[in-house]
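Below: the structure, in structure tokens.
Computation of the quantities below employed the complete heavy-atom set of this structure, encompassing side-chain atoms and omitting hydrogens, waters and symmetry-equivalent molecules.
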Amino acid sequence: MNFQNNKYTLRLAADSDNDGIREIFHSEGFSGGLSVKYLRDPKPYESFCADGDSAAILVVTDNENRRTAAVGGAVIRMEYVNGTAEKCAYLTGLKIHPDYRRKISFIAKAYSFLFDNISDCKYCYTTILDDNAAAIAMLEKGHKNMPVYNYLGHYTTYCFNEGKNIIPVEKDNFDGFDKLMENYFSHMDHVPVNYKCGGFGEGHFYSLRENGEIIACCFISDQKAHKQYKMLSYGGIYKLISKLPTKLLGYPEFPKADSIIDHGVVSYLYIRNSDRKLCSDFLRSAAAQTDFSLLLWGGFENNPLCGAMDRLRSVKYGSRFYSVSLDGKNAPTGIIGAETALL
């Protein structure tokens with residue numbers, strides 16, 4: 001559909017839009033003490049689709065020169081909410097090319113178009129980085145004909161890799177994991193039903209057992225085929241810290257500026273009774289079996305594993321977690337288990 005005197009076209013994206021979407025992603029980075037550019041190379045549309053069962057990604061095209069001016073939409077996947085598998089939509093990728101900021105004035109209509117395409121999703125949610133103050137102020141204020149962004153709490157991503165062989169961990173022994181999905185993960189909100197989702201990347205399953213029962217486990221995967229983090233620069237206190245031998249102190253080694261971060265992502269982390277020492281010993285031992293420079297795991301503020309993760313030396317960054325709806329309803333009420341790999 002066309003807007004602003006037929007200057008722009010708004011439509012669902014397709015494979016043919018990869019180049020235009022990629023240009024927008026490369027034009028942006030999120031700033032702060034750690035200035036990082038989040039990429040979905042080489043094919044952004046394929047990357048969005050890999051994160052779920054399907055995707056409703058919108059693009060805005062300049063009708064005069066055919067440039068892609070903006071992108072954004074939803075990844076759709078089955079997730080557990082209140083103990084039941086539900087169709088959910090994660091709003092993501094909202095970016096406007098720097099050349100078109102303050103020029104596009106039909107955001108409300110774009111949201112309406114998006115929600116028409118995800119009307120069969122019972123729950124919708126998103127995250128916004130703490131440093132993105134402008135977006136937070138705009139969306140939390142609320143506007144006529146816009147969806148309601150209901151702030152649920154804080155989500156922390158932990159960056160760590162204090163690898164050390166402390167306890168013996170098994171690799172790719174899945175016995176008992178389906179039982180964990182049924183008895184543990186299915187009782188957390190926004191945990192993806194499909195733990196083999198392509199967006200997690202290629203990886204391995206690590207576990208620790210006692211009398212044959214899993215007492216700690218996780219996947220550690222390589223996402224770089226679909227997602228990358230590019231370190232741009234350091235500011236504030238991080239500019240000084242990045243020059244220190246942080247690895248000798250047990251913290252992750254800071255990647256060089258203008259480099260792709262060699263990261264692995266931890267998902268479906270289970271620690272019996274959320275035991276802090278067990279969590280530390282298990283993750284350090286599993287990390288020692290990998291070659292990643294940096295591992296990422298994220299947890300919502302009501303996830304008891306966040307307390308366990310505080311035992312590890314890590315660098316953290318935070319996001320605000322929202323349920324999003326047209327009427328302000330349908331927000332989960334339990335422990336949120338959203339995986340940072342798919343956010």
Side-chain angles (χ1 to χ4, degrees), residues 1-31 38-40 44-49 51-52 54-76 88-129 131-151 319-320 322-330 343:
M1 62 181 71
N2 291 323
F3 292 97
Q4 288 182 225
N5 297 321
N6 293 324
K7 180 172 176 56
Y8 300 105
T9 295
L10 171 68
R11 58 178 173 78
L12 289 172
D15 286 332
S16 57
D17 292 300
N18 276 313
D19 289 345
I21 298 173
R22 186 170 57 248
E23 181 181 344
I24 292 177
F25 269 78
H26 277 267
S27 72
E28 287 201 339
F30 61 80
S31 59
Y38 176 47
L39 304 174
R40 287 180 175 267
Y45 180 70
E46 183 179 299
S47 173
F48 283 121
C49 293
D51 277 354
S54 61
I57 304 301
L58 279 55
V59 289
V60 174
T61 304
D62 185 327
N63 291 334
E64 182 176 338
N65 55 27
R66 312 310 302 169
R67 289 184 72 189
T68 303
V71 63
V75 171
I76 301 164
C88 299
Y90 175 64
L91 300 190
T92 184
L94 178 57
K95 297 178 182 293
I96 300 175
H97 194 287
D99 292 349
Y100 290 90
R101 287 172 191 165
R102 303 184 183 278
K103 294 181 180 180
I104 297 174
S105 60
F106 49 91
I107 300 299
K109 293 181 180 179
Y111 269 104
S112 177
F113 181 65
L114 173 62
F115 273 77
D116 284 345
N117 282 276
I118 60 173
S119 60
D120 58 342
C121 295
K122 186 172 182 179
Y123 295 91
C124 182
Y125 66 104
T126 195
T127 55
I128 302 177
L129 287 166
D131 288 333
N132 196 347
I136 291 170
M138 179 187 75
L139 295 172
E140 289 191 359
K141 181 179 180 180
H143 296 272
K144 185 179 179 181
N145 299 322
M146 290 276 285
V148 177
Y149 277 68
N150 180 22
Y151 175 65
S319 304
R320 294 173 70 81
Y322 301 86
S323 66
V324 186
S325 64
L326 297 177
D327 57 10
K329 300 178 181 179
N330 277 4
L343 299 182

Donor-acceptor side-chain pairing of Ser16 and Tyr45 below 3.5 angstrom: no

From Arg67 atom CZ to Ile24 atom CD1, the distance as rounded to the nearest 0.5 Å: 8.5 Å

Contact check, side chains of Asn150 and Ser325, non-hydrogen atoms, under 4.5 Å: no

Pairwise distance CG(Asp51) to CD1(Ile76) - rounded to 0.5 angstrom: 12.5 Å

Residue pair Ala89 / Cys121: nearest heavy atoms and the distance that separates them: CB-SG, 3.9 Å

Heavy-atom side-chain contact between Ile96 and Arg102 under 4.5 Å: no

Interatomic spacing from OG1 in Thr92 to CZ in Arg40 - rounded to 0.5 Å: 5.0 Å

Test item: Tyr322 and Ile136 side chains (from C-beta on) under 4.5 Å apart, heavy atoms: yes

Donor-acceptor pair, side chain of Asn18 and main chain of Asp15, under 3.5 angstrom: yes

Side chain to side chain, Leu12 and Ile57, heavy atoms closer than 4.5 Å: no

Asn63 side, atom CG; Lys7 side, atom NZ - distance, nearest 0.5 Å: 8.5 Å

Chi angles and distances behind the side-chain contact (heavy atoms from CB on, under 4.5 Å) call for His97, Thr68: CA-CA 8 Å; His97 194 287; Thr68 303; over 6 Å; no

Min side-chain heavy-atom separation Arg11-Asp17 under 4.5 Å: yes

Side-chain touch Gln4/Val60, heavy atoms, less than 4.5 angstrom: no

Only distances under 3.5 Å count here; give the side-chain donor-acceptor pairs of residues 106-120 to other protein atoms, sequence neighbours excluded, each with its distance to 0.1 Å.
residue : atom : partner : partner atom : Å
Tyr111  : OH   : Tyr149  : OH           : 2.7
Asn117  : ND2  : Phe113  : O            : 2.8
Asp120  : OD2  : Lys87   : NZ           : 2.5

CZ-CD distance between Arg66 and Glu64, expressed to the nearest 0.5 angstrom: 11.0 Å

Pairwise side-chain contact, Thr126 with Tyr90, heavy-atom cut-off 4.5 Å (strictly under): yes

Side chain to side chain, Asn330 and Ser323, heavy atoms closer than 4.5 Å: no

Atom pair CZ/CG of Arg320 and Leu139 - distance to nearest 0.5 Å: 11.0 Å

